[in-house]
Amino acid sequence: MANIKLTMQYVGTRYLGWQRPEKDGGNKTVSYKLMSVLEKLTGESVTIYAGAKTEAGVHAMEQTVSFTIGSAADIELLQQDLDRYLPMDIRILSCETAPERFRADLNARSRTYEYRICTRHVYDIFSSAYTAHIFPAPDIPVMEAAALHLKGRHDFRSFSGARKEKGTIKEVTDISFRKSDTEEDLLIISITADDFLYRMPSLIIGTLLETGQGRRSQESILSILKGTEKAGAPCDAKGLLLKSVQY
């Protein structure tokens with residue numbers, strides 16, 4: 001058997017996220033497209049493991065995937081065939097043989113998401129498919145102060161759309177806010193955690209944006225973590241992307 005590791009990127013616009021149950025539109029997900037092509041190429045039933053499960057409309061700059069097949073594979077040919085038969089909005093950046101016990105989901109140490117915001121008065125239509133639009137720009141120092149309450153190990157159940165009773169404690173190791181070096185009116189929010197619950201990236205960023213727009217206090221973050229206040233509205237999915245998965 002061969003254990004294969006893929007690094008891939010995709011535009012999430014027309015997909016219902018990385019993975020969903022079949023009854024909820026599972027055939028309109030990124031994992032379904034990849035699995036369908038792999039099974040045609042190998043003639044085998046393939047189980048795919050991913051470093052992160054992106055939500056509907058969310059993009060990935062660098063997603064990590066692993067799967068096993070029953071026989072040795074020509075890695076270079078496999079990558080070429082995947083890029084040939086996958087839709088143009090899904091691309092394979094690298095393909096390699098991984099150690100037998102490697103799994104993209106279980107071996108990941110952390111994940112990083114980025115949120116990109118155009119803060120111009122007039123929206124840049126040429127980047128609009130990948131960038132949210134907020135004008136006037138949210139207050140960065142206010143958001144930085146609010147983000148301090150989120151760093152560290154907390155129960156993020158209130159920042160999730162999942163109905164989980166366990167496994168909701170995660171560690172956010174970094175949240176940063178910066179303006180692009182090349183585009184003055186582009187604000188980038190970056191968040192890194194050991195793992196993310198369902199909708200956790202979009203709800204955290206959406207809530208921080210509300211503080212930066214003066215629509216809620218910085219201290220409300222503490223109330224949300226305690227479960228006495230609801231998180232803000234999720235951010236616009238088209239501006240959110242999985243930047244990388246760290247191993």
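Residue numbers run from 1 in the order of the sequence given.
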Are Gln246 and Ser244 close enough that a side-chain donor and a side-chain acceptor fall under 3.5 Å?
yes
Tell me whether the NZ or CZ atom of Lys170 lies within the 45° cone about the ring axis of Phe159 and under 6.0 Å from its centre.
no
Would you please indicate yes or no on a ring centroid separation below 6.0 angstrom for Tyr130 and His59?
yes
Using 4.0 Å as the upper bound for N to carboxylate O, is an ion pair formed by Glu114 and Arg178?
yes
Beyond-backbone contact of Lys238 with Thr13, side-chain heavy atoms, under 4.5 angstrom:
no
Side chain to side chain contact (heavy atoms under 4.5 Å, CB included) between Val30 and Met8, intermediate numbers included
CA-CA 11 Å; Val30 179; Met8 60 188 293; 4.1 Å; yes
Should Arg216 and Glu229 count as an ion pair when the cut-off is N to O under 4.0 Å?
yes
Against the six-membered ring of Phe102, is Lys5 placed for a cation-pi contact (under 6.0 Å from the centre, within 45° of the normal)?
yes
For Asp155 and Thr168, which I'm curious about, is there any donor-acceptor pair between the side chains at under 3.5 Å?
yes
Could you check whether any side-chain heavy atom of Ile117 comes within less than 4.5 Å of a side-chain heavy atom of Leu209, counting everything from C-beta outward?
yes
Less than 4.5 Å apart, any side-chain heavy atom of Ile221 and any of Thr207?
yes
Check residues 80-93 and write down every donor-acceptor pair under 3.5 Å in which the side-chain atom is one partner and the other belongs to a residue at least two apart or another chain.
unit_1	atom_1	unit_2	atom_2	d
Asp81	OD1	Arg84	NH1	2.7
Asp83	OD1	Ile92	N	3.0
Asp89	OD1	Tyr15	OH	2.7
Asp89	OD2	Arg14	NE	2.6
Asp89	OD2	Tyr15	OH	3.4
Arg91	NH1	Asp83	O	3.0
Arg91	NH2	Asp83	O	3.0
Arg91	NH2	Leu86	O	3.3
Arg91	NH2	Pro87	O	3.1

Show every donor-acceptor pair shorter than 3.5 Å between a side-chain atom in residues 41-51 and any protein atom, with sequence neighbours excluded, or say none if there are none.
unit_1	atom_1	unit_2	atom_2	d
Thr42	OG1	Leu38	O	2.8
Thr42	OG1	Glu44	N	3.2
Glu44	OE1	Gly70	N	2.8
Glu44	OE2	Gly70	N	3.2

